[in-house]
Amino acid sequence: MNKKKLNLSGAFAFVLAILILVVFVPINMIFGYYDKVYDMTPSGKYTLNPITTQLIEDTSDKQIEIYFLSSLMDLKEVPRYLPLYHTLTKLDEQDNITLTCFDPNEDTELAESLNPTGLLDVGLADIFVKCGNTIKQIKFIRCFQQDSNGILEYAGEELIAGAIYLCTSGNLPTVYFLTGYSDKTLDENYSIYKEEIMSDNYDVQELNLSEVDKVPENTAIIYLAAPQKDISDSDRDKLSQYIDNGGAISMILPPSETEGRFENIEYLLARFEISMDYNLVREKNADWQYRNLDSEQDDRYFRVSYPSKGEDYTEDLTTDLNTLITEGKYIAGIGNTRSFSELTSSSEMIEKASIIENIPPTQDSTDYTTISEPMGGDEKTAAEAKGKSNAPLVLGYYSYNKQTGAKLIVIGSDDSIDNDRVTISIYGTRMLTLFSNTWLSDSDIDMGIGTKSNSYDTMTFEDGEDASKTIRLFIFIPVIFALAGVAVWLKRRYA
């Protein structure tokens, strides 16, 4: 008679379950208490990038303050926000970094200290990085972005590291308004617009190019606003060198009664394959006219369009603005403007497109109702200006040199940024001018960390039947292994 072997399979399973509970549950509780994380994501979403680690080491002699305008638990309790939670907590572990979390609605005094000028739009869960007197704001919404496939990406570490680099260097990117060519000044005529630029984390200063050897290294954008005379040869050469090095220029060139051509300004525009017209554009169609500052209907203030990005172009400056206009937040209009044209010469390395245009009376009409009135220039430019009446006109361009990285915005009116001349009817052009600054020079520092996201494996099938076969295969193989395991167990259970 065969002896029956003792079967310990049931007891073994029970003991194993108890051991799992006894060992792993306390370990998880301990790790949860100490917030210990093992980052298994390919992009390292929950750990600091080596670039950030090196940056912290390089700035260890500087005291850095980070403010998160909410509770950290608000991040920890939402899975998609966990990457930002771990970035902030790991930065807080550094000896020279202090993390402060607070509700701006409760501690208003601290919130105001981070926004002493009152220019920043402070929102709940925003992040502020401060070192010395330099403060950089990071909007919470920018920390989490979606790619073209709708996959959520984490950009928080890139933005925070860039802010640390910027603040520890002590200088915000600077927007310079050139002086010496206009009676208008930054503080007297463009001060409100200046504050709006500053709210986007730029410093804004005036610059007399004749007093420096070259455009300063910290320059983000050069503004040439409402010149009433041509720039000097020396300044033209300095700006030309700046363009060669990938500089960004915003030219706000309203009509001027100055006789003679602005040859040096024309030279700089030609570097971007743009020419300026010496005219004042009026709109004779009363339906398109807007009211001026005296609330009187004025043919110098009129409706315009902001053309959408073309299929053959890479840059898009108008989509967001057109969305806001469709929602009724802004009006598409301009006042006291000149027009511009493209040069006949064209290079594949220069991408240029209109961003402001006049519009015909109806969508299907080709008869434009704008009048081009000569102003300034010479006899030749006067004849050219007259020939532009009742024709499609471009009142603003962008141009981008793909080889050097140089960028240009040129708009034919400064009314939209002038304290004393801006009206609701031309606020769309004001916002286009403001939005273009980000395109000209992003105030964020590119640290090379990039965005972080989960990795997803994909499979491509020729048709539905092919997909069904694969699904059946993935179902049947585990079932076969399971059945084989059960068969082996049944055979051996009394062995």
Side-chain angles (χ1 to χ4, degrees), residues 166 169-182 184-186 190 193-194 197-198 200-253 261-276 314-315 317 340 342-343 345 347 349-353 355 396-412 414 417 433-446:
L166 188 150
S169 67
N171 293 307
L172 291 171
T174 304
V175 175
Y176 284 108
F177 279 68
L178 296 186
T179 63
Y181 299 109
S182 174
K184 294 185 177 182
T185 65
L186 181 60
Y190 305 129
Y193 182 66
K194 168 188 174 181
I197 299 176
M198 292 175 65
D200 286 332
N201 288 301
Y202 297 95
D203 189 14
V204 184
Q205 303 288 340
E206 288 187 332
L207 174 66
N208 188 333
L209 271 179
S210 64
E211 297 177 352
V212 296
D213 295 332
K214 62 178 182 178
V215 175
E217 295 293 338
N218 67 333
T219 302
I221 307 168
I222 289 287
Y223 261 79
L224 177 60
Q228 293 160 335
K229 61 181 180 180
D230 197 13
I231 64 174
S232 67
D233 292 347
S234 175
D235 286 1
R236 179 202 66 188
D237 294 341
K238 292 171 186 175
L239 290 174
S240 187
Q241 183 181 15
Y242 174 65
I243 292 170
D244 289 337
N245 293 328
I249 298 181
S250 184
M251 292 193 183
I252 312 298
L253 306 176
R261 301 180 68 148
F262 292 176
E263 294 181 354
N264 286 332
I265 293 177
E266 287 188 55
Y267 171 82
L268 294 175
L269 288 172
R271 297 287 307 274
F272 293 93
E273 299 181 352
I274 303 294
S275 67
M276 62 187 290
T314 61
E315 308 304 300
L317 280 72
F340 303 90
E342 294 184 21
L343 295 179
S345 61
S347 167
M349 301 310 300
I350 302 291
E351 176 178 314
K352 54 189 180 296
I355 53 175
Y397 272 103
Y398 83 77
S399 184
Y400 170 45
N401 188 316
K402 299 178 183 179
Q403 184 172 22
T404 66
K407 294 181 178 181
L408 169 77
I409 290 291
V410 59
I411 294 175
D414 78 324
I417 66 171
T433 312
L434 184 66
F435 292 166
S436 69
N437 291 329
T438 303
W439 176 76
L440 286 166
S441 178
D442 196 336
S443 64
D444 294 324
I445 303 296
D446 185 358

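As the structure is a computational prediction, the values presented were derived from the model and not from experiment. All values below come from the heavy atoms of this structure, side chains included, with hydrogens, waters and symmetry mates left out.
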How long is the gap from [atom1] on [X] to [atom2] on [Y], to the nearest 0.5 Å?
{"X": "Ser250", "Y": "Ile222", "atom1": "OG", "atom2": "CD1", "value": "10.5 Å"}
{"X": "Tyr202", "Y": "Leu440", "atom1": "OH", "atom2": "CG", "value": "8.0 Å"}
{"X": "Leu207", "Y": "Thr179", "atom1": "CG", "atom2": "OG1", "value": "6.5 Å"}

Let me see the working for Tyr397 and Ile409 under side chain to side chain contact (heavy atoms under 4.5 Å, CB included), right down to the final yes or no. CA-CA 6 Å; Tyr397 272 103; Ile409 290 291; over 6 Å; no
We want to know whether Tyr223 and Asn437 form a side-chain donor-acceptor pair, criterion being a heavy-atom distance below 3.5 angstrom. yes
Could you check whether Tyr267 and Asp230, counting side-chain N and O atoms only, form a donor-acceptor pair closer than 3.5 Å? no
Is it the case that the side chain of Glu342 and the backbone of Ser275 share a donor-acceptor pair, with hydrogens and angles ignored and the cut-off at 3.5 Å? no
For Lys402, enumerate each residue passing the side chain to side chain contact (heavy atoms under 4.5 Å, CB included) test, keeping only those at least two apart in sequence or located in another chain. Met349, Glu351, Tyr400
Please give me the minimum heavy-atom distance between [X] and [Y], naming the atom from each residue.
{"X": "Met276", "Y": "Phe262", "result": "CE-CD1, 4.4 Å"}
{"X": "Leu268", "Y": "Arg236", "result": "CD2-O, 3.9 Å"}
{"X": "Thr219", "Y": "Tyr242", "result": "CG2-OH, 3.5 Å"}
{"X": "Ala226", "Y": "Lys184", "result": "CB-CD, 4.3 Å"}
{"X": "Asp414", "Y": "Tyr190", "result": "OD2-OH, 2.8 Å"}
{"X": "Ala220", "Y": "Ser441", "result": "O-CB, 3.3 Å"}

Output yes when Asp213 and Lys238 qualify as a salt bridge under the 4.0 Å nitrogen-oxygen rule, no when they do not. no
Any Lys/Arg nitrogen of Asp244 or Arg271 sitting under 4.0 Å from an Asp/Glu carboxylate oxygen of the other? yes
Applying salt bridge (charged side-chain N to carboxylate O under 4.0 Å, His left out), name anything that partners Glu266, two or more places apart in sequence or on another chain. Arg261
Min side-chain heavy-atom separation Gln228-Tyr181 under 4.5 Å: no
Heavy-atom side-chain contact between Glu315 and Leu317 under 4.5 Å: yes
Test applied, side chain to side chain contact (heavy atoms under 4.5 Å, CB included); reference residue, Leu178; option that passes from Leu239, Asn208, Val215: Leu239
For Phe272, give me all partners under ring pair (Phe, Tyr, Trp, His ring centres under 6.0 Å), at least two apart in sequence or on another chain. none
Where do Ile417 and Leu434 land on the side chain to side chain contact (heavy atoms under 4.5 Å, CB included) test, with the steps shown first? CA-CA 9 Å; Ile417 66 171; Leu434 184 66; over 6 Å; no
